[in-house]
K.L.:
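Structure incoming, see below.
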Amino acid sequence: MSDKILLVILHTVSRKASTLGLIDMGYTYSQIALFISEATRLGYLVQNNEDLELTDDGISKLFELMEKLKIKKENQWILPQYSYRTQPIGKYDIVLPDKIL
Amino acid sequence: MLSKIKPIDNGRFLQLQAIFSEKMWPIISGTEDRVFEDFCDMLSQLSEPQQDLMLQLTKKFLWITENDYRKLFYLVFNTFVRSITNKEIARIIITPLVAPKDLGKIKSSHALYYLLEPNFNRRNYSQYDISFMSNYKPLLRSFRSGDVVCLIDDFIGTGTQVVEAVEYLESAGVTRENISVLSFIIQNIGYNRCLESKIAVFYEYLRERGISDCSDGIAEQIALMEEIEQIVSPPSGYSFGKGRTEALVKVVRTPNNTFPVFWYTNEDRFPIAPFPRRPR
């Protein structure tokens, strides 16, 4: 698992977001399952009440990776939320508002 | 197209992985099966309470692969053989179970038959004369009163086809007492139907209805499944599985008695099901 993927996994877990956001980066569900079990094996993640949490090692690793990959502040670095993106509309399309006042 | 589907959360993703590991279902996609991927996609199409119901049902799900067929057949056949130990049997005739309306069609019972017939281990049953007959014609021509007919199949749902097949054979001169039905799996509803009709059945798995035979929370689960079926929109007659069987079973081909959310796809509203009955 590359540093970048580990960073994404640790970051999403720290944010209580779904690690399945990696699907939008082209990974499959089974690959994500492997990344999670690998990060758990390395001691960065722990399964708690059927949820994922960072361990203390995981928190230090997250900061270490942010430094290494030159991400200055945690909140400067936001994962693209592709699931909220829509297709751009055509140049000549006419858009009418839902409500006309 | 970019998906606007909200991914399932970490907790449910872990639960699904745990279920797959416990059942030894493959998580890593092989060349042909991507069941884990499709399960995740299927769940993403549902709300969280609906996902929870699907996880509960998946825990109870029985998936038999073609690799298990021979082993399972011998288990069921041995049960049958034990039941005839002290009886005078002239011959055991093994034939695929086919309802009269399906004569001439290829059914899963034929697949099972052709898997068994060439390599059948006769040596283990040397005290019996065993004949394989691929359809009812040679059977009806050669049947004698001391013979026992074994109708074989992988799955029995409501039991309607069993009753129809037995009645058809009976009308052609094979007495009901000389017919045994051998199936890997039988749903409770089908089993009771056979008991009422005095048809001998041998099986490995006797299965309850997925929701209605639960110990509690039935009304809530039914309401959730009805919501799910609003999205899946299966054709009429298949709600909660054909004959409302509520099966949770996948054999080589998923029975249509299984809840349609596991197999029915609908291009617009529900494009992915993990165990489709037709090639995608």
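Numbers restart at 1 for each chain; the letters A, B, ... are given by sequence-line order, proteins then strands. Computed from a prediction, not measured in an experiment: that's the story for all the values here.
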K.L.:
Measuring heavy-atom distances to chain A, does B:Gln15 have an atom under 4.5 Å in its side chain, in its backbone, in both, or in neither?
P.N.:
side chain
K.L.:
For the candidates A:Ile36, A:Thr19, A:Leu34, which exhibits the highest count of non-hydrogen atom pairs separated by less than 4.5 Å from chain B?
P.N.:
A:Thr19
K.L.:
Determine the interplanar angle of the B:Phe259 and B:Phe262 rings, folded into 0 to 90°, and report it as parallel if under 30°, tilted if 30 to 60°, perpendicular if over 60°.
P.N.:
tilted
K.L.:
More than 12 non-hydrogen atoms from neighbouring residues, nucleotides or ligands closer than 6.0 Å to CG on A:Asp56, yes or no?
P.N.:
no
K.L.:
Based on non-hydrogen pairs under 4.5 Å, which of A:Leu52, A:Asn48, A:Ile23 is most in contact with chain B?
P.N.:
A:Leu52
K.L.:
Just by distance, with hydrogens left out, do B:Ser233 and B:Asn266 show a side-chain donor and acceptor under 3.5 Å apart?
P.N.:
yes
K.L.:
Taking the six-membered ring of B:Phe73 (Phe, Tyr or Trp), confirm whether the NZ or CZ of B:Arg70 is under 6.0 Å from its centre and within 45° of its axis.
P.N.:
no
K.L.:
With a 4.5 angstrom heavy-atom cut-off, could you sort out which part of B:Leu14 is near chain A: side chain, backbone, both or neither?
P.N.:
side chain
